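Reading through the structure tokens given below for one structure.
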Amino acid sequence: AQSVTQLGSHVSVSEGALVLLRCNYSSSVPPYLFWYVQYPNQGLQLLLKYTSAATLVKGINGFEAEFKKSETSFHLTKPSAHMRDAAEYFCAVTGNQFYFGTGTSLTVIP
Amino acid sequence: SQTIHQWPATLVQPVGSPLSLECTVEGTSNPNLYWYRQAAGRGLQLLFYSVGIGQISSEVPQNLSASRPQDRQFILSSKKLLLSDSGFYLCACDSYTGELFFGEGSRLTVL
């Protein structure tokens, strides 16, 4: 069975600081992994996805994530946080359906 | 790429009243469709998914039902709303590239 765990339901960073949002997955098959962003009162928007090609995946808005099979991780990073990055972030893995993590709320402090 | 339309965007309903949330998809045919719910401050809960017209699978027993009368139309309904039905409802469809596309959501407040 597939599942994802997002460590830290709330993360705060200063503007300009590194953003690191953690995601660990469990999958019995080679996974497809995703990061989505949700701004207040909006739907989810795809940031990036891993589909067994390059292990370092670049997404929109300067975000990237690295697939590490040995650590079963797919952490999301951005070198320099911007105020507009404040949102809810969801990690997801696919099996016979999508399995979402419980989300991480990112606050950016000016 | 796909576009998903949801309406209404916001809804305030009394307890015991009926509900109908609609979702339509453009830019694809025969998609798999999904209804998710987000309660305040919580993650996504899969409620229903559909692989075709008239084919509905329920993930969580509850007060809600879903129907798919047309290939690109997905409806979430209730005959009598409960307070616990309040939340943010998201319609989604999959794509040939593997990701889910989401609509803008419908916020339901039951009073």
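Scope of the values below: all heavy atoms of this structure, side chains included, with no hydrogens, waters or symmetry mates. Note that the structure is predicted; figures quoted are calculated from it, not measured. Every chain is numbered from 1 and lettered A, B, ... according to where its sequence line falls, protein lines coming before strand lines.
- The part of A:Leu46 that comes within reach of chain B is its side chain, from C-beta onward, which places non-hydrogen atoms under 4.5 angstrom from that chain.
- In this structure, chain A has a heavy atom under 4.5 Å from the side chain of B:Gln38, while its backbone stays farther away.
- By number of non-hydrogen pairs under 4.5 angstrom with chain A, the leading residue of B:Thr10, B:Leu44, B:Leu90 is B:Leu44.
- Considering only heavy-atom pairs separated by less than 4.5 Å from chain B, the leading option among A:Ser9, A:Ala92, A:Gly43 is A:Gly43.
- Residue A:Gln6 does not touch chain B at all, counting heavy-atom pairs closer than 4.5 Å.
- Contacts between B:Leu46 and chain A at a heavy-atom distance below 4.5 Å involve the side chain alone, from C-beta outward.
- Residues A:Leu21 and A:Val37 share a single hydrophobic cluster, defined by chaining ILVMFWY side chains whose heavy atoms lie under 4.5 Å apart.
- Both A:Leu48 and A:Val93 belong to a common hydrophobic cluster when Ile, Leu, Val, Met, Phe, Trp and Tyr are linked at side-chain heavy-atom distances under 4.5 angstrom.
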Please assess B:Phe88 against A:Gln38 for the test side-chain contact (heavy atoms from CB on, under 4.5 Å), listing each intermediate value before the final yes or no. CA-CA 12 Å; B:Phe88 192 53; A:Gln38 184 181 31; 3.6 Å; yes
Walk me through whether B:Tyr36 and A:Phe98 qualify under side-chain contact (heavy atoms from CB on, under 4.5 Å). CA-CA 11 Å; B:Tyr36 286 88; A:Phe98 269 72; 3.8 Å; yes
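- The interface of residues 92-111 of chain B with chain A, defined by heavy-atom distances below 4.5 Å, comprises B:Thr97, B:Gly98, B:Glu99, B:Leu100, B:Phe102, B:Gly103, B:Glu104, B:Arg107.
- Taken together through direct or relayed side-chain contacts under 4.5 Å among Ile, Leu, Val, Met, Phe, Trp and Tyr, A:Leu20 and A:Ile109 form parts of separate hydrophobic clusters.
- With a 4.5 Å cut-off on non-hydrogen atoms, A:Tyr36 touches chain B through its side chain but not through its backbone.
- Under the 4.5 Å side-chain heavy-atom criterion for ILVMFWY residues, a single connected hydrophobic cluster contains both B:Leu33 and B:Ile4.
- B:Tyr34 and B:Leu76 end up in different hydrophobic clusters when Ile, Leu, Val, Met, Phe, Trp and Tyr side chains are linked at under 4.5 Å.
- Contacts between residues 67-74 of chain B and chain A, defined by a heavy-atom separation under 4.5 Å, are made by no residue at all.
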